[in-house]
Amino acid sequence: MRRLKVVCPHDCPDTCVMTVDVEDGRAVAIGGDPDHRFTQGFLCAKVNHYLERVYSPDRILQPLKRTGKKGEGKFAPIGWDEALDTIASRFRQVIAEHGPQAILPYSYAGNMGLLSYGSMDRRFFNALGASLLDRTICASAGAAGLKATVGKSIGFDPEAVVNARFIVAWGANIVSSNVHLWPFIEEARRRGARFVTVDPYRSRTAEKADAHLALLPGTDAALALAVMHVIFRDGLEDDDYIAKHTNGVEALKERAREWAPERAAQVTALPAAEIEAFAHEYATTQPSAIRVNYGLNRHAGAGAAVRTISSLPALTGAWRHPGGGLLLSTSGTFPVDSEALERPDLIPPGTRMLNMSQLGRILLDPALDPPVKALFVYNSNPAAVAPEQEQVQKGLGREDLFTVVHDLFLTDTADFADVVLPATTTLEHYDIHKAYGHLHLGLSRPAIAPLGESKPNTELFRLLAQRMGLTHASLSESDEEMARHALKWDHPHLDGISFERLEREGSVRLNVADPFAPFANGGFPTPSGKCELFADYVPPREGPTSNPERARTYPLAFISPPAHHFLNSTFSAQPTFVRRESGPSLTLHPDDAGPRRIQDGALVRTFNDRGSFLAQARVSDAARPGVVVGLSIWWAKSCPGGRNANAVTSQELTDMGGGATFYDALVEVEPA
Ligand SMILES: Nc1nc2c(c(=O)[nH]1)N[C@H]1C(S)=C(S)[C@@H](COP(=O)(O)OP(=O)(O)OC[C@H]3O[C@@H](n4cnc5c(=O)[nH]c(N)nc54)[C@H](O)[C@@H]3O)O[C@H]1N2
Ligand SMILES: Nc1nc2c(c(=O)[nH]1)N[C@H]1C(S)=C(S)[C@@H](COP(=O)(O)OP(=O)(O)OC[C@H]3O[C@@H](n4cnc5c(=O)[nH]c(N)nc54)[C@H](O)[C@@H]3O)O[C@H]1N2
Ligand code: SF4
Ligand SMILES: [Mo]
């Protein structure tokens with residue numbers, strides 16, 4: 001028996017290191033690495049059952065070609081040679097008829113290893129001259145908002161949050177989606193910290209909080225403005241920090257003056273006294289830490305909301321303290337060399353970029369020139385996760401569209417593919433990892449051989465480049481060569497760290513102070529070097545303020561945050577988790593269920609003008625009045641009626657970053 005360590009590659013801030021016990025070439029046990037400071041010896045409720053995924057009887061282990069209708073999911077096995085030849089010849093044909101931009105890669109974060117996420121794949125599509133994909137489906141609004149205010153995706157050191165005395169989970173369901181931060185918060189609470197959550201839904205995290213501010217979705221900036229109002233009104237600001245390290249305080253004060261708690265109360269539907277108390281406690285307790293997360297990023301005004309909230313810690317000087325300030329993502333702390341990984345220099349000038357959050361429109365747009373004639377999906381399952389599902393599935397069903405899907409399972413999207421290719425799990429391939437929720441690099445070596453004929457992303461695109469006759473030298477680099485150049489090793493955050501050291505140690509904390517207080521002395525990575533203070537409230541696109549008529553027809557705000565046992569749609573067909581989540585559900589408040597004659601346990605139809613889906617009603621005050629919650633993301637094909645929550649979500653974008661607006665959707669609900 002050998003014990004090896006691999007990195008969990010899934011789209012999760014925790015980027016855990018797992019131990020894998022291997023016997024006769026087979027993984028027999030996994031666990032969390034006890035030596036890793038953030039993993040702390042445990043894995044989450046999902047990856048604890050990882051071997052069920054690796055050795056699942058449902059895994060695709062051979063290339064497949066479609067034998068049934070698109071969407072039907074009927075396939076016959078073929079060899080890799082035939083698969084690669086089919087793809088290469090169809091790509092050549094599309095290029096000859098419509099040019100290379102008629103090919104669209106579609107990928108997201110099914111695997112976040114730096115190589116698997118974006119390296120040989122990008123090189124291949126860049127060299128081909130394919131359309132570029134704007135990867136906006138998750139984090140782009142928040143990233144843009146954060147960049148405008150603090151300069152970069154950098155925040156407080158999550159391990160240092162033990163020092164905080166007041167912690168806010170703001171649109172963050174830590175217990176489900178960032179569970180390795182939780183022990184640090186518990187430690188802070190043992191030391192006397194108060195923990196408050198801001199969330200329209202009583203999530204698992206809210207259940208454990210000292211206070212829960214259940215505001216209406218998309219109204220966070222109004223709450224933040226009221227906090228600013230109280231700070232300035234009562235003279236609670238840190239004048240010294242503001243003077244030295246910020247720009248724009250006068251304009252901010254003026255803006256905040258208009259936002260007394262009473263006004264914010266009308267917008268957020270929180271009692272003014274609750275807002276007042278929250279503001280006071282936030283402003284007067286140090287260190288204070290705001291764990292802001294993606295829950296509030298999926299609304300029309302997400303960029304403005306993140307800009308506004310991330311101005312708060314500069315006003316109170318919370319950044320001065322280790323564990324104080326704000327954290328959305330740590331990813332900007334890692335000096336990744338994306339030019340070396342992705343080779344954007346290979347992109348032909350003038351290549352267009354298409355926004356992944358509008359896949360339905362892209363595939364159905366008669367005016368798009370050239371039209372998308374070939375779609376290559378990997379690390380993603382758009383038929384389940386992309387907004388406005390009816391359009392997405394209609395687009396994927398186009399007979400003239402050639403679709404390739406590289407995945408481990410026959411997902412909703414794979415059902416529409418002409419060719420399906422088998423992918424490996426993290427136990428089976430090599431990669432190098434940064435994180436977006438901590439400060440440790442990781443190197444992951446294969447613990448077992450690829451199952452069946454499955455291939456890692458990098459290998460697939462190396463082979464495809466050969467088949468297409470692309471000869472650029474970067475297209476034949478090995479995984480190790482790419483990993484070696486994945487980081488800017490001369491960056492100060494990597495002082496004393498080399499690729500060789502990472503190879504030896506497997507996991508290395510960045511060379512930043514320990515604990516790391518990134519802006520204790522200012523030094524914001526903005527052009528001015530200061531925190532660019534900003535405050536604005538942009539109401540939800542779909543709500544009584546922006547669209548009263550729509551709000552009369554569809555009076556309920558619909559949000560679809562992650563289910564505890566799923567990771568986007570990645571674990572949503574694994575039998576253990578399907579059992580634990582016990583079917584697609586819609587949680588609604590008794591005040592909303594009563595007038596609609598909806599009983600707990602009944603099948604309900606949630607609908608608007610974009611589509612509808614069926615789910616079982618859970619009548620509970622876990623959802624605040626006016627808000628209905630469909631925990632996600634189920635595979636559409638396992639939902640009654642073949643549609644999931646994204647049947648009703650919209651393809652409209654956020655104010656900044658071109659992000660998706662999943663939680664900005666009005667619906668009506670009726671018994672089915
Ligand atoms: N178990 C599990 N873990 C995950 C994931 C998963 O699917 N499952 N997904 C991973 C990924 S890709 C991401 S991006 C993150 C997502 O995880 P988080 O960043 O935590 O985001 P969400 O879970 O989308 O939303 C968090 C909370 O915000 C609430 N919320 C919704 N709308 C609003 C709003 O307008 N304002 C406020 N204040 N709160 C709101 C939701 O009810 C939810 O409880 O988690 C990662 N980790
Ligand atoms: N309604 C609603 N929709 C949402 C969200 C929501 O909260 N509500 N959340 C949004 C968010 S935050 C995100 S990030 C997106 C996520 O959307 P996606 O990034 O599409 O995430 P997954 O659905 O998990 O799909 C990832 C796929 O990649 C596959 N995969 C895993 N590893 C590999 C690999 O090494 N190689 C290849 N080729 N494939 C691999 C997995 O099996 C899985 O099928 O969904 C968005 N959609
Ligand atoms: S999904 Fe997240 S919490 Fe679970 S093992 Fe992977 S990195 Fe850790
Ligand atoms: Mo995400």
Side-chain angles (χ1 to χ4, degrees), residues 9-14 44-46 53 106-113 116-117 121 135 137-139 142 169-179 197-206 213 215-220 223 291-299 302 305 328 356-357 377-382 384-387 389 405-409 411-414 421-426 428-429 431 436-437 454-457 460 540 557-573 623 627 629-630 632-633 635 644-646 648-649 660 662-665:
H10 292 292
D11 188 351
C12 168
D14 297 5
C44 63
K46 310 168 295 286
R53 177 172 170 89
Y106 195 95
S107 74
Y108 199 61
N111 186 324
M112 295 205 73
S116 305
Y117 176 79
D121 54 322
R135 291 178 170 79
I137 205 153
C138 173
W170 203 323
N173 182 8
I174 296 166
V175 172
S176 293
S177 59
N178 183 193
V179 65
T197 165
V198 182
D199 194 318
Y201 173 60
R202 196 168 68 238
S203 66
R204 287 181 186 240
T205 307
L213 278 65
L215 79 188
L216 286 172
T219 64
D220 301 273
L223 175 61
R291 175 49 163 144
V292 64
N293 222 333
Y294 295 106
L296 59 82
N297 268 259
R298 315 197 195 293
H299 303 274
L328 175 60
M356 72 183 300
S357 300
V377 181
Y378 57 103
N379 286 351
S380 186
N381 182 14
V385 308
Q389 193 155 73
V405 173
H406 184 225
D407 204 305
L408 297 93
F409 293 92
T411 60
D412 288 329
T413 312
L421 302 169
T424 42
T425 68
T426 191
E428 299 151 62
H429 58 239
D431 219 323
Y436 67 95
S454 61
K455 290 192 193 301
N457 297 7
L460 159 63
F558 174 63
I559 58 173
S560 47
H564 186 72
H565 296 94
F566 296 165
L567 205 148
N568 300 321
S569 78
T570 289
F571 296 104
S572 314
V627 179
V629 184
S632 287
I633 306 172
W635 279 12
N644 69 16
N646 279 318
V648 296
T649 56
F662 290 107
Y663 302 169
D664 196 331

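Just the heavy atoms: all of them, side chains too, but no hydrogens, waters or symmetry mates, feed the values below. Start at 1 and go down the list; that is how both ligands and their atoms are numbered. All of these numbers come straight from a predicted model, not from anything done at the bench.
Residue-ligand proximity, T424 to ligand 2, at heavy-atom distances under 4.0 Å covers atoms 35 (O). Those atoms of ligand 2 with a heavy atom of A109 less than 4.0 angstrom away are 19 (O). Which parts of ligand 1 touch W170 is read off a 4.0 Å heavy-atom cut-off, strictly below it: atoms 38 (N). Close approach of ligand 2 to R53 is summarised as follows: ligand atoms under 4.0 Å from at least one heavy atom of the residue are 31 (C), 41 (C), 42 (O). The contact set between ligand 1 and D220, taken as ligand atoms under 4.0 Å from a residue heavy atom, comprises 34 (C), 35 (O), 36 (N), 37 (C), 38 (N). If you number the atoms of ligand 1 from 1 as listed, the ones under 4.0 Å from a heavy atom of V198 come out as 37 (C), 38 (N), 39 (N). Each of the atoms 36 (N), 37 (C), 38 (N) of ligand 2 lies under 4.0 Å from some heavy atom of A423. The ligand atoms of ligand 2 that sit less than 4.0 angstrom from a heavy atom of C138 are 12 (S), 14 (S). Distances below 4.0 Å separate heavy atoms of L567 from the following atoms of ligand 2: 24 (O). Taking a cut-off of under 4.0 Å to the non-hydrogen atoms of G218, the atoms of ligand 1 that pass are 34 (C), 35 (O). In the vicinity of Y108, heavy-atom distances shorter than 4.0 Å reach the ligand 2 atoms 14 (S), 19 (O). When each atom of ligand 2 is checked for a heavy atom of S380 under 4.0 Å away, the hits are 18 (P), 20 (O), 25 (O), 26 (C), 27 (C), 28 (O).
Residue P540 places no heavy atom under 4.0 Å from ligand 1. Contact between K46 and ligand 1 is present, with at least one heavy atom of the residue lying under 4.0 Å from the ligand. Not a single heavy atom of A384 sits closer than 4.0 Å to an atom of ligand 2.
When the options L213, L223, D199 are ranked by their closest heavy atom to atom 42 (O) of ligand 1, first place goes to D199. Around atom 26 (C) of ligand 1, the closest heavy atom drawn from P561, G171, A139 belongs to G171. Among A573, P456, S569, the residue whose heavy atom sits closest to atom 23 (O) of ligand 2 is S569. With atom 2 (C) of ligand 1 as the reference point, the heavy atom nearest to it among Y436, F566, Y201, F662 is part of F566. Nearest to atom 21 (O) of ligand 2 by heavy-atom distance, out of N646, T649, N568, is N568.
Under 4.0 angstrom from ligand 1, the non-hydrogen atoms of A563 all belong to its backbone. Of the heavy atoms in H299, only side-chain atoms (C-beta onward) come closer than 4.0 Å to ligand 1.
Where the criterion is an N or O separation shorter than 3.5 Å, residue side chain and backbone included, S203 fails it with respect to ligand 1. Taking only nitrogen or oxygen atoms, main chain and side chain alike, H406 reaches within less than 3.5 Å of ligand 2. For the pair N457 and ligand 2, the shortest N or O to N or O distance falls below 3.5 Å. Any N or O atom pair closer than 3.5 Å counts here, and D11 shares no such pair with ligand 2. Residue P217 has no N or O atom closer than 3.5 Å to an N or O atom of ligand 1. Not one N or O of Y378 is nearer than 3.5 Å to an N or O of ligand 2, by distance alone. At under 3.5 Å, a nitrogen or oxygen of Y663, whether backbone or side chain, sits near a nitrogen or oxygen of ligand 2. Here's the thing with S116: none of its N/O atoms is less than 3.5 angstrom from an N/O atom of ligand 2. Any N or O atom pair closer than 3.5 Å counts here, and L215 shares no such pair with ligand 1. Residue contacts with ligand 2: T411 is placed with no nitrogen or oxygen under 3.5 Å of a nitrogen or oxygen of the ligand (distance criterion only).
The closest protein non-hydrogen atom to atom 30 (N) of ligand 2 is L408 CD1, 3.7 Å. The protein atom (non-hydrogen) at minimum distance from atom 6 (C) of ligand 2 is S560 O, 3.5 Å. Among protein heavy atoms, atom 12 (S) of ligand 2 sits closest to R298 NH2, 3.2 Å. The protein heavy-atom contact nearest to atom 17 (O) of ligand 2 is V385 CG2, 3.4 Å. If you check which protein heavy atom lies closest to atom 44 (O) of ligand 2, you get D407 OD2, 2.6 Å. Ranking protein heavy atoms by distance to atom 4 (C) of ligand 2, first place goes to I633 CD1, 3.4 Å. For atom 32 (N) of ligand 2, the closest heavy atom belonging to the protein is G110 O, 3.5 Å. Counting only heavy atoms of the protein, atom 34 (C) of ligand 2 lies nearest to N379 OD1, 3.4 Å. Closest to atom 40 (C) of ligand 1 among all protein heavy atoms lies P200 CD, 3.2 Å.
For the pair H406 (side chain) and K455 (backbone), a donor-acceptor distance under 3.5 Å is present. In this structure a side-chain-to-backbone donor-acceptor pair under 3.5 Å is present from D407 to F409. Between the T219 side chain and the L216 main chain, a donor and an acceptor come within less than 3.5 Å of each other. Judged purely by atom type and a 3.5 angstrom limit, S569 has no side-chain atom pairing as donor or acceptor with the backbone of S572. Panel note: side chain D11, backbone G110; no donor-acceptor pair is recorded below 3.5 Å. In terms of modelled atom types and a separation under 3.5 Å, the side chain of N646 and the main chain of A384 share a donor-acceptor contact.
Side-chain contact between Y378 and V405: absent, with no pair of heavy atoms (C-beta onward) separated by less than 4.5 Å. Counting heavy atoms from C-beta on, the side chains of H10 and M112 never come closer than 4.5 Å. At a threshold of 4.5 Å between non-hydrogen side-chain atoms, the residues W635 and N381 count as touching. Inter-residue side-chain proximity for Y294 and L328 is flagged as met; some heavy-atom pair is nearer than 4.5 Å. Proximity of N111 to T426: side-chain heavy atoms (C-beta onward) are nowhere separated by under 4.5 Å. Between P200 and L215, the closest side-chain pair of non-hydrogen atoms falls below 4.5 Å. Looking only at side-chain heavy atoms (C-beta outward), P382 and V377 come within less than 4.5 Å of each other. At a threshold of 4.5 Å between non-hydrogen side-chain atoms, the residues H429 and N457 do not count as touching.
Put simply, the residue from V629, I559, D199 that forms a side-chain contact (heavy atoms from CB on, under 4.5 Å) with P217 is I559. For the side-chain contact (heavy atoms from CB on, under 4.5 Å) with S177, the lone residue among N173, V179, I174 that qualifies is N173.
Geometric assessment of R53 against the ring of F571 yields a positive cation-pi assignment under the 6.0 Å and 45° thresholds. Both the sub-6.0 Å distance and the 45° axial angle are satisfied by R298 relative to the ring of Y663.
With 3.5 Å as the limit, one finds a donor-acceptor pair spanning the side chains of S107 and R135. For the residue pair N293/W170, the side-chain donor-acceptor check at 3.5 Å is not satisfied.
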